[in-house]
2 protein chains.
Amino acid sequence: MASTVGREEKQVLAAYLVRHRLKRSAQREAILDAFLRAGRHVSVEELLGIVRKKRADIGRTTIYRSLKLFKDAGLASELTYGGEARFEPLWNRDHHDHFICGTCGEIFEFKSPEIERIQETIARRIGFVIEGHRHHILGRCRKCTTKAARAGPRRT
Amino acid sequence: MASTVGREEKQVLAAYLVRHRLKRSAQREAILDAFLRAGRHVSVEELLGIVRKKRADIGRTTIYRSLKLFKDAGLASELTYGGEARFEPLWNRDHHDHFICGTCGEIFEFKSPEIERIQETIARRIGFVIEGHRHHILGRCRKCTTKAARAGPRRT
DNA sequence: TTGGATGCAAATGTTTTGCAGAACT
DNA sequence: AGTTCTGCAAAACATTTGCATCCAA
């Protein structure tokens, strides 16, 4: 069953390694596997915890280096929120933006081809070549606004 | 001439201080003044440099604390880019988003009421209350793409 | 006089780097 | 054999905090 997760990503990584004359390693594969299984928006610390359940000997440094590698290979993207970096798988995923709840930290994804299109238009106008973007909308999710309302109005 | 910069912002700060029973200080005024004059997107380190030209005795810590205060008072907004926080004046400025050039670091602003509207619509749909957003488009500005092309095609 | 504000130094938390040994090609 | 990779410890950063002192109200 392990082999059914992220087949394609593993190939992408392997190709990247060959192309750049880098070497394979068991650690990288374990980390990639954990990263892909973890779902989205993991921090380094979280990923380290997950990985170490399988292989307790893997070091924090290797997580950092692997995530950087995954980014370079186009497999991961980084989003910084609240003082620490978080990463999410990038491969084969629709492009999307993020709603981030400032109370519970939950991240909701959304996408809007319309927004993408507008961006492109503006970029063309100023001669800017888009390579990526980070669109984070900050606020309160339904759950947290409801909870706050139930708790009574806030004093100012 | 000094008194003609940021009159309104100074009033906003003063009002905030009174409302929260905080005290005025020469440092804060010097920092606010420098912040407003500095133009946009200053880092703590840059602002410290600017402020110290006028008052060499101001400490880094005070810059941090003042910028936090300005944020709380609604005078500044923070955007994290490249591992360090940057701040820009918020008061009386149109809301805008950012194009950031990955080569020269230049930041171009743009705004799109259309994008704002789309965001609002989506937020309403998922029950999310928007408090702010960070929309950073990363890429290459016209100057840098031209320079790169002139330098000849890149080898891969 | 009281409590907030400041600046230094120390602490914190995250990410990077130096290095010796292990692993890969 | 020759590199790259790894993990530890140390270093490097950006940011925050403790504290004695200063200053505004």
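The sequence lines fix the lettering, A, B, ..., with proteins before strands; numbering per chain opens at 1.
Closest approach of B:Arg28 to B:Ser66, counting heavy atoms only: CG-OG, 3.9 Å. Annotation for B:Cys101 and B:Cys144: closest pair SG-SG, 3.8 Å, computed over non-hydrogen atoms.
Only at 4.0 angstrom or more do the heavy atoms of residues 44-54 of chain A sit from any atom of DNA chain C, so none qualifies.
With sequence neighbours left out, the salt bridge (Lys or Arg N to Asp or Glu O under 4.0 Å) criterion links A:Arg93 to A:Glu88, A:Glu109. Residues passing the ring-ring contact (aromatic ring centres under 6.0 Å, His included) test with A:His41 are A:His98, sequence neighbours excluded. Every residue two or more places apart in sequence or in another chain that forms a ring-ring contact (aromatic ring centres under 6.0 Å, His included) with A:Phe99 is listed here: A:Phe110, B:Phe128. Contacts of A:Glu78 classified as side chain to side chain donor-acceptor pair (under 3.5 Å), with partners at least two apart in sequence or in another chain: A:Lys71. Every residue meeting the side chain to side chain donor-acceptor pair (under 3.5 Å) condition with A:His136, not counting sequence neighbours, appears here in chain and number order: B:Arg134. In this structure B:Glu116 satisfies the salt bridge (Lys or Arg N to Asp or Glu O under 4.0 Å) test with no other residue, sequence neighbours excluded. Remark: B:Arg55 engages B:Asp57 in a side chain to side chain donor-acceptor pair (under 3.5 Å) (not counting sequence neighbours).
Between the CZ atom of B:Phe87 and the P atom of D:dA14 there is a distance of 13 Å, rounded to whole Å. In this structure, CD of B:Glu84 is placed 14 Å from C1' of D:dA12, rounded to the nearest angstrom. Residue A:Ile31 contributes atom CD1, which lies 11 Å from atom C1' of D:dC5 at whole-angstrom precision. Taking atom CD1 of B:Ile63 as the reference point, atom C1' of D:dA14 lies 15 Å away to the nearest angstrom.
For A:Thr62 (side chain) and A:Ile58 (main-chain N/O), no donor-acceptor pair under 3.5 Å exists by modelled atom type.
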What's touching nucleotides 18-24 of chain D from the protein side, N or O pairs under 3.5 Å?
unit_1	atom_1	unit_2	atom_2	d
D:dA24	N3	B:Lys23	NZ	3.3

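Note on residues 119-129 of chain B: no pairs pass salt bridge (charged side-chain N to carboxylate O under 4.0 Å, His left out), not counting sequence neighbours.
B:His135 and A:Gln119 share a side-chain donor-acceptor pair at under 3.5 Å.
Over its full length, the helix from C:dT1-D:dA25 to C:dT25-D:dA1 turns its helical axis through 30°, comparing axes from the five pairs at each end and rounding to 10°.
Between B:Tyr64 and D:dT15 there is a side-chain N or O to OP1 or OP2 distance below 4.0 Å.
Both A:Arg28 and B:Ala85 sit near DNA chain D, but only A:Arg28 has its closest nucleotide nearer the 5' end.
You'll find the side chain of B:Pro89 stays beyond 4.5 Å of the side chain of B:Leu75, heavy atoms only.
A 4.0 Å heavy-atom criterion places the boundary nucleotides of DNA chain C facing chain A at C:dT14 to C:dT25, written 5' to 3'.
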